[in-house]
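Report on the following structure.
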Amino acid sequence: MTNELHREVARRRTFAIISHPDAGKTTLTEKLLLYGGAIHLAGSVKAKRARRHATSDWMELEKERGISVTSSVLQFVYRDHAVNLLDTPGHQDFSEDTYRTLAAADAAVMLIDAAKGVEPQTKKLFKVCRMRGIPIFTFVNKLDRYGREPLELMNELEQVLGIRSYPMNWPIGMGPEFRGVYDRQARVVHVFSAEGSHGESEVTERSVSIDSDEIKRVLTDVELAKLHEDIELLDIGGDEFTREKSDAGQLTPMFFGSAMTNFGVRPFLDAFLELAPAPTPRPTTQGPREPTNPKFAGFVFKIQANMDPAHRDRIAFMRVVSGRYVKGMSAFHSRLGKEVRLAKPSQFMAAERTSIEDAWPGDVIGLFDPGQYRIGDTLAEGAGVEFEGVPRFSPEFFAVVRSKDPLRRKQMEKGLEQLSEEGTVQIFQQLQMGMKDPIVGVVGALQFEVLQYRLEHEYGAKIALDRLPFSHARWVVGPNFDPKAFDWEGNRQTVQDRDGLPLVLFRDDWALQHAEDKHPELKFLSEAPQLRQATAVATGS
């Protein structure tokens with residue numbers, strides 16, 4: 001078991017792709033699956049000539065709008081590596097789902113548009129990766145179009161994100177003149193030919209040593225001279241690559257290519273799987289949990305209802321952290337304080353699932369959820385293990401939910417409960433009102449549209465949303481907090497979250513600042529506290 005566990009841990013790679021909307025994230029995901037042999041024909045999200053929708057976009061709304069609004073899990077084997085690719089929403093209104101997914105990743109691929117460089121959403125997601133200290137790999141996309149100079153993009157990464165970069169390869173040309181990439185380690189030029197496939201299949205690739213006579217038959221004198229000049233500049237003035245800096249997230253290995261035409265995708269995938277870390281230890285309340293610990297442990301980072309509309313099921317996505325998961329096994333559920341059976345395990349290719357017999361550290365598996373799991377739950381062999389919770393961030397948009405059909409109110413309440421457990425929305429109860437006129441909070445306004453769509457199509461409940469004038473939510477911890485007296489001060493409303501913790505909605509920055517100044521004995525938190533933490537602070541223990 002020990003030798004097998006070490007071997008299985010070593011061959012696994014679990015990562016997420018982060019980017020600003022329209023940088024080409026879903027397209028790159030498709031192409032990685034294409035080269036990984038998981039699909040045989042890549043579908044573009046927007047191109048009219050594409051014959052199919054992107055594999056990773058499984059929800060009907062995603063197919064209609066051409067955007068990703070929920071994370072999906074994609075798993076494949078490539079050159080003896082077991083790859084877990086966590087595809088995340090690019091749209092900023094769904095960034096909370098991305099934050100949660102990053103908690104399950106060991107590395108991140110940061111996708112940059114060659115023409116636009118570092119964009120606002122990229123900055124936000126980069127900060128989350130930095131906060132977690134995970135390695136960040138950079139793929140500069142859309143070299144098939146004219147964009148900014150590679151050296152300028154390297155400088156922007158340092159100036160805007162504060163991270164140095166090391167180009168693992170270097171582009172030859174740009175736009176219609178984009179010929180290929182030069183591998184700095186192998187001293188090989190990869191020259192590509194699209195052959196009119198619109199990127200739906202693998203491209204023809206020719207690899208030529210830069211030191212061979214053949215290179216002069218592949219590149220023009222002008223292209224070769226420019227390449228030699230760029231390489232010399234990088235060798236003299238650039239950073240030295242070390243695995244230690246890359247693993248610590250202090251230096252980002254940088255790659256160039258075009259996901260749309262598949263140029264540079266395979267060289268990137270080969271190098272990434274070589275450089276990306278195997279599953280890493282995870283912090284628990286008792287200290288780090290090593291992946292090679294023989295006892296099984298994992299945590300739930302995502303819940304998705306109705307992936308199979310015919311069965312109206314719920315799937316809890318669990319990241320295996322240590323030991324071996326075996327089909328049918330039971331584990332201790334730390335929040336419920338009891339043993340539970342981990343039923344009907346599956347692995348995924350977006351909405352398509354395959355029943356499995358076992359899983360190893362780094363793997364993401366789906367468990368049938370009868371309603372007993374929440375995001376952040378720990379499942380382990382034996383009591384006493386509890387992973388640090390998956391963060392729950394404060395919403396920025398709020399609305400009261402009303403059922404348009406009183407006879408469908410139960411369906412509405414069931415849908416709201418399940419979607420809140422997924423993390424699609426957060427539900428708050430107004431004091432002394434229970435679920436009568438509940439308030440929903442979201443990080444991005446487009447989530448309201450997803451909420452209405454899914455309640456109607458998955459639960460048969462049409463709703464109306466009455467928007468509220470609040471822009472901040474803060475969890476309140478501290479002794480002697482009196483919600484009724486607090487509300488009398490105006491520009492705010494006190495509600496309760498799903499755990500009964502008090503939360504205050506503020507109209508604007510001024511209202512929040514006024515409360516903080518007037519009540520120094522209270523803490524106003526932008527991230528939901530763990531229940532034990534909130535209880536300890538409230539009681540002064």
Side-chain angles (χ1 to χ4, degrees), residues 92-96 99-100 124 375-376 389-403 412-413 416-417 419-421 423-452 463-540:
Q92 62 189 29
D93 283 10
F94 305 99
S95 55
E96 191 174 7
Y99 297 153
R100 286 191 295 265
K124 289 183 182 179
I375 292 171
V390 178
R392 186 155 50 107
F393 296 94
S394 61
E396 298 175 17
F397 301 89
F398 307 88
V400 174
V401 186
R402 291 185 295 103
S403 174
M412 181 195 80
E413 290 182 359
L416 282 175
E417 181 183 355
L419 294 180
S420 71
E421 289 171 351
T424 302
V425 295
Q426 294 187 49
I427 297 183
F428 308 118
Q429 295 181 10
Q430 301 185 61
L431 299 181
Q432 282 88 45
M433 293 185 67
M435 280 299 286
K436 184 178 185 299
D437 295 336
I439 293 174
V440 293
V442 296
V443 173
L446 193 55
Q447 286 175 279
F448 283 137
E449 187 177 330
V450 174
L451 174 66
Q452 287 183 294
I463 62 165
L465 293 169
D466 299 331
R467 296 286 289 270
L468 296 172
F470 304 113
S471 59
H472 299 293
R474 294 292 185 269
W475 280 269
V476 185
V477 292
N480 306 318
F481 174 64
D482 184 353
K484 291 182 179 178
F486 199 78
D487 282 354
W488 276 106
E489 296 176 18
N491 291 326
R492 65 189 70 152
Q493 181 176 352
T494 304
V495 294
Q496 288 183 334
D497 72 2
R498 67 186 186 193
D499 296 318
L501 298 176
L503 193 94
V504 178
L505 312 182
F506 294 96
R507 185 180 291 267
D508 50 31
D509 293 337
W510 181 88
L512 173 57
Q513 185 64 51
H514 179 262
E516 289 176 331
D517 293 342
K518 190 170 181 179
H519 299 278
E521 77 282 5
L522 301 176
K523 288 186 178 181
F524 298 91
L525 307 176
S526 59
E527 187 179 317
Q530 300 296 314
L531 271 175
R532 60 179 182 278
Q533 172 195 350
T535 303
V537 173
T539 59

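Atom set for the values below is all heavy atoms of this structure, side chains included, hydrogens, waters and symmetry mates excluded.
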Checklist entry - Do the charged groups of D437 and R402 touch, with an N to O distance under 4.0 Å? => result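 Salt bridge absent between D437 and R402.
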
Checklist entry - Do Q452 and L465 pass the side chain to side chain contact (heavy atoms under 4.5 Å, CB included) test, and can you show the C-alpha distance, the side-chain angles, and the key distance before you say yes or no? => result CA-CA 9 Å; Q452 287 183 294; L465 293 169; 3.8 Å; yes

Checklist entry - Is there a donor-acceptor contact under 3.5 Å from the side chain of D508 to the main chain of W510? => result yes

Next on the checklist: Treating Q447 as the side-chain partner and V443 as the backbone partner, does any N or O pair qualify as donor plus acceptor under 3.5 Å?
Outcome noted: yes

Enter the distance from [X]:[atom1] to [Y]:[atom2] here, rounded to the nearest 0.5 Å.
X: L501; Y: F428; atom1: CG; atom2: CZ; value: 10.5 Å
X: I439; Y: I427; atom1: CD1; atom2: CD1; value: 11.5 Å
X: D482; Y: N480; atom1: CG; atom2: CG; value: 9.0 Å
X: R507; Y: L512; atom1: CZ; atom2: CG; value: 14.0 Å
X: F524; Y: H519; atom1: CZ; atom2: NE2; value: 6.0 Å

Side chains of [X] and [Y]: does their closest heavy-atom pair fall under 4.5 Å?
X: V495; Y: L505; value: yes
X: R474; Y: S394; value: yes
X: F506; Y: V504; value: yes
X: V401; Y: M412; value: yes
X: L419; Y: L451; value: yes

Do you know which two heavy atoms are closest between [X] and [Y], and how far apart they sit?
X: R467; Y: F397; result: NH2-CD2, 3.5 Å
X: D497; Y: W475; result: OD2-NE1, 2.9 Å
X: G441; Y: P395; result: C-CB, 3.5 Å
X: A473; Y: F398; result: CB-CZ, 3.6 Å

Next on the checklist: Regarding Q513 and D509, do their side chains bring together a donor and an acceptor under 3.5 Å, going by distance alone?
Outcome noted: no

Checklist entry - Does a donor on one side chain and an acceptor on the other come within less than 3.5 Å for Q430 and Q496? => result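 No.
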
Checklist entry - Looking at V425, V400, L416, which one forms a side-chain contact (heavy atoms from CB on, under 4.5 Å) with P438? => result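 That would be L416; it is the only one of V425, V400, L416 passing the side-chain contact (heavy atoms from CB on, under 4.5 Å) with P438.
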
Checklist outcome for this item: For F481, the ring-ring contact (aromatic ring centres under 6.0 Å, His included) test, sequence neighbours excluded, returns F486

Next on the checklist: Set out, in order, the CA-CA distance, both residues' side-chain angles and the distance that settles side chain to side chain contact (heavy atoms under 4.5 Å, CB included) for L503 and V476, then state yes or no.
Outcome noted: CA-CA 6 Å; L503 193 94; V476 185; over 6 Å; no

